[in-house]
Amino acid sequence: MNRRNKAEHVCWSDIPAEHLNPLFDRQYVVGNEVMVARISMKRGCLVPEHSHHHEQISQVFSGALRFIVDSKEIMVGAGELLLIPPHVPHSAEALEDTIAIDTFSPPREDWI
C-alpha cells in the first residue's frame with residue numbers, strides 16, 4: 001500500500017497515547033496567525049505517520065529527530081529546521097532526548 005494512502009489528517013488527541021506518554025510532552029502558544037508548540041521527546045519516542053491541513057515548521061533546539069516525510073528519511077539535528085508542506089505525510093522518531101519547536105500556520109482550534 002502506498003504510504004500516502006495511510007496518512008490521515010489528525011488532531012493531537014487522535015495520536016495513540018502509547019506513542020506520546022510518558023516520552024512526549026508539549027505546550028502551546030496560540031496567536032491569531034500561528035500556533036507554536038514546544039515539544040520535548042525522550043529518546044525512542046515515535047509519532048506515527050499523519051498529515052496536516054496546514055504548513056508545519058519543526059525546529060530542533062537540542063537532540064535529533066528522524067523524520068519520514070513523504071517516504072523520504074530526513075535527519076534534523078540541533079540548530080536545524082524542517083518545513084513540511086500541507087497534506088504531506090510525515091512521522092518522527094527521537095534519536096536522543098530532543099527539544100523542538102513546531103510552528104503551524106494557521107492555528108487549528110481542534111488542536112487546543
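In this text the structure is predicted, and so the values were computed from the model without any measurement.
- Applying the side-chain contact (heavy atoms from CB on, under 4.5 Å) test to Glu80 and every residue at least two apart in sequence or in another chain returns Val76.
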Exercise. Would Thr103 and Met35 count as a side-chain contact (heavy atoms from CB on, under 4.5 Å) if you check the C-alpha gap in whole Å, the side-chain angles of each, and the deciding distance to 0.1 Å?
Worked result: CA-CA 6 Å; Thr103 304; Met35 181 174 86; over 6 Å; no
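- Shown here are the side-chain contact (heavy atoms from CB on, under 4.5 Å) partners of Arg38, two or more places apart in sequence or in another chain: Gln27, Ser40, Ile99, Ile101.
- Using cut-offs of 30° and 60° for the angle between ring planes, the His52 and His90 rings count as tilted.
- Of all heavy-atom pairs between Ser91 and Pro48, the closest is CB-C, 3.8 Å.
- The two residues Val60 and Gly77 come nearest to each other via the heavy atoms CB-O, 3.4 Å.
- Side-chain atoms of Arg43 and Leu95, non-hydrogen and from C-beta on, never get closer than 4.5 Å to each other.
- For residues 52-65, the set of pairs meeting the salt bridge (charged side-chain N to carboxylate O under 4.0 Å, His left out) definition, not counting sequence neighbours, is empty.
- Between His53 and Pro86 there is no side-chain heavy-atom pair separated by less than 4.5 Å.
- Nearest heavy-atom pair across Ala78 and Phe61 is CB-O, 3.6 Å.
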For this session: Decide yes or no on side-chain contact (heavy atoms from CB on, under 4.5 Å) for Phe67 and Leu82, but give the supporting numbers first.
Result: CA-CA 9 Å; Phe67 283 91; Leu82 176 66; 3.6 Å; yes
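- Of all heavy-atom pairs between Ala94 and Leu65, the closest is CA-CD2, 3.7 Å.
- Residue pairs meeting the side-chain hydrogen bond (donor to acceptor under 3.5 Å, both in side chains) criterion with at least one member in residues 57-69, sequence neighbours excluded, are Gln56-Ser58, Ser58-Asp102, Arg66-Glu93.
- Here Glu96 contributes atom CD and Met41 contributes atom CE; the two are 12.0 Å apart, rounded to the nearest 0.5 Å.
- The hydrophobic clustering, which links ILVMFWY residues whose side-chain heavy atoms are closer than 4.5 Å, places Val47 and Val88 together.
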